[in-house]
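Here is the structure we will look at.
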Number of protein chains: 2
Amino acid sequence: METLSAAELLAALGHESRLSIFRLLVETGEEGINASAIGEKLGLAPATLSFHLAHLSRVGLIKGRQESRFIYYSADYAVMDDLLAFLTNNCCQGSHACLPKTNLLKGKP
Amino acid sequence: METLSAAELLAALGHESRLSIFRLLVETGEEGINASAIGEKLGLAPATLSFHLAHLSRVGLIKGRQESRFIYYSADYAVMDDLLAFLTNNCCQGSHACLPKTNLLKGKP
DNA sequence: CTCATATTTCCATAATACTTGAATCATGGA
DNA sequence: TCCATGATTCAAGTATTATGGAAATATGAG
């Protein structure tokens, strides 16, 4: 991932509502959750919600699956993978431990 | 770290110039690099640079150390630690592997 | 002290992002 | 078909953020 899109991803998650949306989708899992349900849970007006969902979709962090009249949104982890890899590889200095405590194991098992 | 400040951190890094500044400081290491040198490397006007340095300082991602007439800025990894931990713990679903490929080792060695 | 340099602050402007009511589109049920 | 519902788009207002010239502050050199 190049720096350019990394900043875009970070900006996409750098908003209270969008971060909440993404976390909710992560909690919800594969099946997803439809737009108005998200709006109810997070207290967002339909138009506002659509705006943020479009933003998150545009950068690839979430995806929507239409089913009947509903659109079920779910998190797309591939992009988050890339973002975490980018942050780990480019925003931490060599030996410095920027990794979460539960994943500090190094060396061959 | 609570969600609120996580969004603030992500927003702080979610700008091309600030992300470039932070990466430069990570590359530079402990000794740091003074403001005007950053400005030269990244092509930022003094006032603009100060604006972004203040933003990054405010959220705790960088710190400045005055020495003579210069202020040497360096990355403060503690906050990035927290951010990565937050993203790993809250923005990835249970068993799903959102962790960078080089740190997937699990279980006792 | 005076000057030069490093950095920030002030200020005005420009640009971008956010919000939301109303209108529109889409889908399925009666 | 007609209607109700889910969701998006449009348009317009508000708010926030970004930019950079000019002035101010700070520090050290001569």
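These numbers come from the heavy atoms of this one structure, side chains and all, not from hydrogens, waters or symmetry mates. Below, chain A is the first sequence line, B the second, and so on; all start at residue 1.
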Q) Where do B/Asp76 and B/Gly60 come nearest, in terms of heavy atoms and distance? A) CB-O, 3.6 Å
Q) Across the strands shown, which category fits A/Ser68 at heavy-atom distances under 4.0 angstrom: base, sugar-phosphate, nothing? A) sugar-phosphate
Q | Partner of B/His55 by side-chain hydrogen bond (donor to acceptor under 3.5 Å, both in side chains), out of B/Arg18, B/Glu8, B/His15 | A | B/Arg18
Q. Given side chains that start at C-beta, do those of B/Ser74 and B/Lys63 come closer than 4.5 Å, heavy atoms only?
A. yes
Q. Separation of A/Ile21 atom CD1 from C/dC18 atom C1', in whole Å?
A. 13 Å
Q) Under the criterion side-chain contact (heavy atoms from CB on, under 4.5 Å), which of B/Thr28, B/Asn34, B/Ile38 is the partner of B/Tyr73? A) B/Ile38
(Q) Can you list, by chain and residue number, the hydrophobic cluster partners of A/Phe70 when the side-chain cut-off is 4.5 Å? (A) A/Tyr72
**Q.** Protein-nucleotide distance (A/Arg18, atom CZ; C/dC18, atom C1'), rounded to Å
**A.** 9 Å
Q. C/dT7 P sits how many Å from B/Ile62 CD1, rounded?
A. 12 Å
Q: Answer yes or no: does a side-chain N or O of B/Thr48 lie under 4.0 Å from OP1 or OP2 of D/dG20?
A: yes
Q: Could you please name the option among D/dT8, C/dC18, D/dA18 that lies closest to any side-chain atom of A/Phe51?
A: C/dC18
Q | Spatial distance of atom CD1 (B/Ile62) from atom CG (B/Leu24) [nearest 0.5 Å] | A | 10.5 Å
Q) Rounded to whole angstrom units, what separation is found between the CG atom of B/Leu19 and the P atom of D/dT17? A) 18 Å
Q.
Using a 4.0 Å heavy-atom cut-off, does A/Tyr72 contact any base of the nucleic acid, only the sugar-phosphate backbone, or nothing at all?
A. nothing
Q. Pick the nucleotide of DNA chain C nearest each of A/Glu67 and A/His55; which residue has the one closer to the 5' end?
A. A/His55
(Q) Over all strands shown, is B/Phe70 touching base, sugar-phosphate only, or nothing at heavy-atom distances under 4.0 angstrom? (A) sugar-phosphate
Q: Rounded to the nearest angstrom, tell me the gap between atom CG in A/Leu53 and atom C1' in C/dC18.
A: 14 Å
Q | Selection: residues 33-47 of chain A, any non-hydrogen atom under 4.0 Å of DNA chain D | A | A/Asn34, A/Ala35, A/Ser36, A/Pro46, A/Ala47
**Q.** Residue whose closest nucleotide on DNA chain D lies nearer the 5' end, A/Ala54 versus A/Arg69
**A.** A/Arg69
Q. Just one of A/Leu56, A/Leu87, A/Leu83 clears the side-chain contact (heavy atoms from CB on, under 4.5 Å) bar with A/Leu9, so which one?
A. A/Leu83
Q.
D/dT17, OP1 or OP2 - any side-chain N/O from B/His52 closer than 4.0 Å?
A. no
(Q) Counting only side-chain nitrogens and oxygens, does A/Tyr73 get under 4.0 Å of the OP1 or OP2 atom of D/dT8? (A) yes
Q) Rounded to the nearest Å, what distance is computed from the CG atom of residue A/Leu49 to the P atom of nucleotide D/dT9? A) 12 Å
Q. How many Å lie between NE2 on B/His15 and P on C/dT16, as a whole number?
A. 10 Å
Q | Integer-rounded Å distance: C/dT16 P and A/Arg58 CZ | A | 13 Å
